[in-house]
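I have placed the structure first, in the form of structure tokens, so that the comments after it can refer back to it.
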Amino acid sequence: MIYYYFIAMAAALCWAVASLVSADVTRTIGGLAFNRLRLFFVSIMLITYTFYINTWDTISIDYLTIIIISGIVGIFLGDTLLFIALQKIGPRRNNILFSLAAPFTVVINIFFLNELASTISIIGCFVVFFGVVFAISYGDKKGSSEHRWEKVEGPLYIGIILSIGAALCQAIGLVMMKPILSDGADPIASAAIRTTISCIFLSFTFFLNYEVFNTKVNLTSKIIYQSILSGFLGMALGMSLLLIALQKADAGIVATLSSTSPIMILFLLWILTKKIPSFGAWVGTIIAIFGTGLIFIY
């Protein structure tokens with residue numbers, strides 16, 4: 001079981017790196033346009049790999065409706081809201097709010113799947129979440145807000161609402177997938193279907209003449225490269241790792257461990273911006289590590 005918890009944390013690392021890769025390009029071409037381009041390349045990657053490992057036969061007709069709805073909610077809606085929020089409030093704030101997917105998942109998991117973790121594990125989930133919030137809230141020093149990744153586009157509250165909405169969509173999509181993954185549906189094949197159906201839905205926005213749907217600038221080779229890299233790390237690899245962990249481990253715990261990406265972003269920002277995190281950031285990190293230890297005791 002612990003092996004799958006480490007896989008969930010590996011997914012968090014993938015998302016942390018992908019978020020930083022995506023931060024600038026979302027503001028260059030727009031969050032929705034970026035997600036549309038990204039999903040196109042990810043769908044090709046996942047479909048190709050699923051044919052290579054030949055696991056389509058694990059997806060029965062009975063699973064398709066759930067997988068499609070999960071993809072629409074978790075990726076088409078969730079990822080679109082996530083990247084528009086990333087464009088508006090930057091990677092640090094976006095990831096702290098997106099970590100709300102963990103407690104959302106725990107609550108939804110209890111009410112709809114009747115899947116209860118041990119008391120220690122539940123406490124660990126909330127300790128990890130508190131540590132994440134603490135670390136990111138106090139994760140910058142005076143002057144760090146001058147960095148381009150800390151700038152806010154438009155009203156802050158809009159970005160907050162979008163990011164929380166993305167977290168809720170992620171949690172709903174995750175819990176919907178848990179039963180069929182436990183029944184033997186292949187995580188990679190499932191991810192391929194979820195991504196492709198979301199890409200198809202999102203492609204229709206290309207024909208809508210509204211500013212939010214339009215690509216702000218002409219696509220360049222750099223933008224395409226960043227989109228492919230972000231898609232590979234965040235979806236093809238990161239989401240696949242998450243679904244693999246979800247297949248064998250408790251959904252709430254998996255979601256909590258995968259929500260540690262904000263702490264990872266904190267350290268990545270330290271490396272990239274050369275700004276040492278504040279004392280509060282270290283305290284939050286220690287709290288989160290302690291919470292992770294409680295989960296591993298389970």
Side-chain angles (χ1 to χ4, degrees), residues 4-27 31 34-35 38 42 74-75 78-79 81-102 105 128-140 144 147-150 159 163 166-167 170-171 174 191 226-246 253-278 281-282 284-289 291-292 295:
Y4 293 99
Y5 293 159
F6 278 112
I7 289 180
M9 295 180 71
L13 179 60
C14 289
W15 291 340
V17 177
S19 182
L20 295 182
V21 171
S22 308
D24 289 331
V25 69
T26 56
R27 288 180 170 175
F34 171 72
N35 194 37
R38 172 178 173 266
V42 172
I75 300 178
D79 273 20
L81 293 175
L82 182 69
F83 283 106
I84 295 176
L86 177 63
Q87 171 191 340
K88 292 184 175 297
I89 61 178
R92 184 176 65 86
R93 298 182 189 90
N94 195 41
N95 275 265
I96 178 178
L97 292 165
F98 190 65
S99 66
L100 286 169
T105 301
V128 170
F129 176 69
F130 176 76
V132 168
V133 172
F134 198 94
I136 305 306
S137 298
Y138 300 96
D140 61 331
S144 64
H147 193 274
R148 67 183 187 278
W149 285 336
E150 291 294 320
S163 194
Q170 164 81 352
L174 198 64
Q226 289 175 311
S227 300
I228 293 173
L229 181 60
S230 171
F232 172 74
L233 290 173
M235 286 291 298
L237 184 58
M239 184 56 68
S240 295
L241 289 173
L242 180 69
L243 292 180
I244 290 170
L246 184 65
I253 295 175
V254 167
T256 301
L257 293 176
S258 65
S259 74
T260 57
S261 61
I263 289 180
M264 298 178 185
I265 280 185
L266 181 68
F267 284 96
L268 291 173
L269 287 174
W270 176 17
I271 294 171
L272 295 173
T273 65
K274 311 299 182 184
K275 297 181 183 295
I276 301 175
S278 67
W282 293 111
T285 301
I286 292 172
I287 292 172
I289 291 173
T292 302
I295 293 173

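Bear in mind the structure is a predicted one, so any value in this text is a computation, not a measurement.
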Locate the shortest heavy-atom distance separating [X] from [Y]; write the atom from each residue and the value.
{"X": "Ala191", "Y": "Ser240", "result": "CB-OG, 4.2 Å"}
{"X": "Leu257", "Y": "Thr260", "result": "O-OG1, 2.7 Å"}
{"X": "Ala12", "Y": "Ser261", "result": "O-CB, 3.2 Å"}
{"X": "Arg27", "Y": "Ile89", "result": "NH2-C, 3.8 Å"}
{"X": "Asp79", "Y": "Met235", "result": "OD2-SD, 3.5 Å"}

Q.
Walk me through whether Phe232 and Val42 qualify under side-chain contact (heavy atoms from CB on, under 4.5 Å).
A. CA-CA 6 Å; Phe232 172 74; Val42 172; over 6 Å; no
(Q) Rounded at 0.5 Å granularity, tell me how far CG in Leu268 sits from CD1 in Ile263. (A)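 Answer rounded to 0.5 Å: 12.0 Å.
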Q. So how far is it from Cys14 SG to Leu237 CG, rounded to the nearest 0.5 Å?
A.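 Between atom SG of Cys14 and atom CG of Leu237 there are 3.5 Å.
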Suppose we screen for side chain to side chain contact (heavy atoms under 4.5 Å, CB included). Which residues come up paired with [X], at least two apart in sequence or across chains?
{"X": "Ile7", "result": "Tyr3, Tyr4, Leu241, Ile244, Ala245"}
{"X": "Ser227", "result": "Phe34, Leu37, Ile223"}
{"X": "Ala167", "result": "Phe98, Leu100, Ala101, Phe104"}
{"X": "Leu242", "result": "Ala11, Trp15, Gln170, Leu174, Met239, Val254, Ser258"}

Q. For Gly31, does its backbone N or O pair with a side-chain atom of Gln87 as donor and acceptor, under 3.5 Å?
A. yes
(Q) Quick one, Leu86 and Ser22 - any side-chain contact, counting heavy atoms below 4.5 Å? (A) yes
Q) Are Ile265 and Ser19 close enough that some pair of their side-chain heavy atoms sits under 4.5 Å apart? A) yes
Q: Could you tell me which residues satisfy side-chain hydrogen bond (donor to acceptor under 3.5 Å, both in side chains) with Asn35, sequence neighbours excluded, listed by chain and number?
A: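 Asn35: side-chain hydrogen bond (donor to acceptor under 3.5 Å, both in side chains) contacts with Arg38, Thr80.
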